[in-house]
Amino acid sequence: MNGSNYTQDAYTDIGELLDRGDITPPAPSIGLRDDGIGLFYRGQSNLVFGDPESGKTLLAQCAVADELARGNSALLIDLDHNGAGATISRLISMGVDEAVLRDAGRFRYCQPEDAEHMATVVADALDWKPAIVLLDSLGELLPMYGASSNSPDDFTRVHTTVVKALVKSGAAVIIIDHLPKNRDAQSFGATGTTAKKRAIGGTSLRVSIAEPFKPGIGGRAHVTLNKDRHGGLRASCPSDDREPLAATFKLWTQTDGDLAWNFIPPKEGEAAPKQDIVSAADIQTLSELTPPPKSQRDIKERLNWGSSRALDTLKEWRRLGSPTIVLPAPEPYVSGAEEHSYTAPGALPEHQYNTAPRSSQWEYGSKEHTEKVTS
């Protein structure tokens with residue numbers, strides 16, 4: 001050791017690691033696509049986020065049902081008040097045998113009421129070592145510990161106490177989270193502090209609706225890869241997009257009423273569908289600007305919008321041909337008696353403004369626009 005101090009127990013035994021041959025990067029093996037590539041990593045924390053009713057919990061529950069069907073064990077931590085009855089009923093409809101659900105060695109469900117209850121569940125998991133843990137949702141976990149989702153220190157404390165401890169059990173920990181309400185922040189991922197994204201040891205997946213999930217019918221969702229620490233899933237996404245399509249999640253109701261699903265891998269060169277993140281109201285706002293907007297910076301300064309909102313709306317406005325709407329000039333102010341407040345003969349009623357385009361362009365949202373865009 002050349003005379004230097006070396007406390008052996010404080011370091012990883014690299015020789016033992018090499019002898020075991022355990023030096024390959026981990027591969028995603030949970031929530032298998034049709035091609036055998038998983039969406040989640042075992043022994044890591046994985047995140048699933050998206051808008052309400054986009055299929056986040058459905059997708060994760062399907063991964064749980066898959067693991068149970070493979071003979072493995074699962075823990076469901078329900079903080080989002082889905083309810084035991086609704087959860088068990090859905091798992092049964094997904095083909096999970098009732099005998100498996102009754103077996104505490106294979107399946108456990110809980111609704112922790114406080115931090116002490118959660119500590120008991122975590123301690124049991126460390127001893128039990130389930131294959132998969134579904135924690136739904138992170139937004140309900142943080143307040144349980146008096147933590148703010150916007151505080152890096154608060155998040156790190158709770159993540160270490162709960163999520164890291166569950167990961168130590170060897171499970172694929174799948175955490176459900178939500179998108180922020182602020183559209184400018186949605187491109188970065190889930191709500192709250194960016195410490196969330198740094199803490200992900202496996203994948204972070206964004207789920208967005210393709211066909212709404214309807215009871216008795218089913219639906220589809222696009223699953224895009226927001227983060228992949230080890231790169232195993234990203235290497236199997238045939239697109240160079242910053243956030244490539246990782247899978248299409250399809251779920252349907254069979255004739256016997258049971259649910260079936262699959263995670264369809266993207267085709268070669270298939271990109272994630274562009275999300276409809278530009279509202280008609282924002283396009284209308286740009287169309288009414290006088291003079292017309294010139295750049296992203298121009299829009300930000302005049303409307304006090306964020307960078308993403310300004311750029312996305314400007315691109316869509318230009319794609320539509322830069323439609324402009326001429327608003328009527330304000331009537332001149334007349335000082336004096338009430339009799340001066342009248343509508344001039346032949347003037348339009350107050351609600352019938354002249355919205356004729358300044359040029360031959362169409363108005364965003366009009367019938368002509370709809371026909372033009374969809375043709």
Side-chain angles (χ1 to χ4, degrees), residues 11-12 14 17 20 22-33 37-50 56-57 59-60 63-64 66-67 72-77 79 118 121-123 125-126 128-142 145 147 149 151-179 188-207 223-237 242-244 246-247 263:
Y11 305 93
T12 298
I14 303 301
L17 181 69
R20 290 202 315 262
D22 191 15
I23 55 174
T24 58
S29 59
I30 303 291
L32 297 178
R33 304 187 314 194
I37 304 297
L39 297 176
F40 307 108
Y41 289 86
R42 192 182 304 276
Q44 303 287 350
S45 58
N46 306 268
L47 187 71
V48 177
F49 66 92
K56 304 182 298 295
T57 298
L59 182 151
V64 168
D66 276 342
E67 284 305 296
N72 295 323
S73 55
L75 166 63
L76 264 64
I77 304 175
L79 300 175
M118 179 62 77
V121 173
V122 170
L126 287 170
W128 174 36
K129 301 188 185 311
I132 186 170
V133 175
L134 171 55
L135 197 158
D136 190 2
S137 67
L138 189 59
E140 298 295 329
L141 175 65
L142 296 174
Y145 286 82
S149 63
S151 167
D153 290 341
D154 278 5
F155 172 79
T156 300
R157 171 171 58 87
V158 177
H159 184 268
T160 300
T161 303
V162 178
V163 178
K164 270 191 174 181
L166 289 170
V167 167
K168 287 181 180 179
S169 72
V173 179
I174 302 175
I175 308 161
I176 306 295
D177 203 4
H178 305 285
L179 278 170
F188 296 100
T191 57
T193 172
T194 55
K196 286 184 179 181
K197 190 170 183 177
R198 292 198 302 270
I200 298 302
T203 57
S204 173
L205 303 177
R206 185 193 304 264
V207 180
V223 183
T224 54
L225 184 59
N226 181 254
K227 177 182 177 178
D228 183 359
R229 182 177 292 276
H230 303 287
L233 178 57
R234 185 174 292 277
S236 300
C237 297
R242 182 179 64 86
E243 192 169 302
F263 301 123

With side-chain contact (heavy atoms from CB on, under 4.5 Å) as the test, would you mind laying out the steps for Lys227 and Leu47 before giving the verdict? CA-CA 9 Å; Lys227 177 182 177 178; Leu47 187 71; over 6 Å; no
Roughly how far apart are Thr224 OG1 and Arg242 CZ, rounded to 0.5 Å? 9.5 Å
Only pairs under 3.5 Å count here: list side-chain donor-acceptor contacts from residues 162-169, not counting sequence neighbours, and write none if there are none.
| from | atom 1 | to | atom 2 | distance (Å) |
| --- | --- | --- | --- | --- |
| Ser169 | OG | Leu166 | O | 2.5 |
| Ser169 | OG | Ala171 | N | 3.4 |

Under the 3.5 angstrom rule, does the side chain of Asn72 hit a backbone N or O of Ala131 as a donor-acceptor pair? no
Where at least one partner belongs to residues 129-140, residue pairs that pass salt bridge (Lys or Arg N to Asp or Glu O under 4.0 Å), sequence neighbours excluded: none
Mind checking whether Ile30 and Asn46 have side chains closer than 4.5 Å, heavy atoms only? no
Within-4.5 Å side-chain heavy-atom neighbours: Phe49 and His178: no
After noting the C-alpha distance and the side-chain angles of Thr203 and Leu39, does the key distance pass the side-chain contact (heavy atoms from CB on, under 4.5 Å) rule? CA-CA 7 Å; Thr203 57; Leu39 297 176; 5.6 Å; no
A side-chain contact here means heavy atoms from C-beta on lying under 4.5 Å apart; do Val48 and Ile174 qualify? yes
Using side-chain contact (heavy atoms from CB on, under 4.5 Å) as the criterion, list what pairs up with Ser29, not counting sequence neighbours. Arg42
Rounded to the nearest 0.5 Å, how far does CG of Asp228 lie from CD of Glu243? 12.0 Å
Looking only at heavy atoms, which two atoms of Pro244 and Arg234 are closest? And how far apart? CD-NH1, 3.4 Å
List the residues meeting side-chain contact (heavy atoms from CB on, under 4.5 Å) with Asp66, not counting sequence neighbours, and say none if there are none. Trp261, Phe263
Measure the shortest side-chain to side-chain distance between Leu141 and Met118 over non-hydrogen atoms and say whether it is less than 4.5 angstrom. yes
Determine the minimum heavy-atom distance between Ala195 and Phe155, stating which atoms define it. O-CE2, 3.5 Å
Report the distance from atom CG of Leu138 to atom NZ of Lys196, rounding to the nearest 0.5 Å. 4.5 Å
Hey, are the side chains of Leu205 and Leu225 touching, using non-hydrogen atoms and a 4.5 Å cut-off? yes
Any donor and acceptor pair, going by atom type alone, linking the side chain of Ser137 with main-chain N or O of Asp177 inside 3.5 Å? no
Atom pair OG1/CD1 of Thr57 and Ile176 - distance to nearest 0.5 Å: 4.5 Å
Salt bridge (charged side-chain N to carboxylate O under 4.0 Å, His left out) against Arg157, all qualifying residues, sequence neighbours excluded: Asp154
Correct closest heavy-atom pair for Pro26 and Tyr41 would be O-CE2, 3.4 Å
Taking ring pair (Phe, Tyr, Trp, His ring centres under 6.0 Å) as the test, write out the residues that go with Phe40, two or more places apart. none
Could you give me the CA-CA distance, side-chain angles and deciding distance for Arg198 and Thr156, then say whether side-chain contact (heavy atoms from CB on, under 4.5 Å) is met? CA-CA 10 Å; Arg198 292 198 302 270; Thr156 300; 5.9 Å; no
Hey, mind stepping through Arg229 and Ile200 against side-chain contact (heavy atoms from CB on, under 4.5 Å) and telling me if it holds? CA-CA 7 Å; Arg229 182 177 292 276; Ile200 298 302; 5.5 Å; no
Non-hydrogen atoms of Arg33 and Ala247 that approach each other most closely: CD-CB, 4.0 Å
Looking at Cys237 and Ala246, what are the two nearest heavy atoms and their distance? SG-CA, 3.7 Å
Nearest heavy-atom neighbours spanning Ala63 and Gly31: CB-CA, 4.2 Å
CD1/Ile77 to CG/Leu79 distance, rounded to the nearest 0.5 angstrom? 7.0 Å
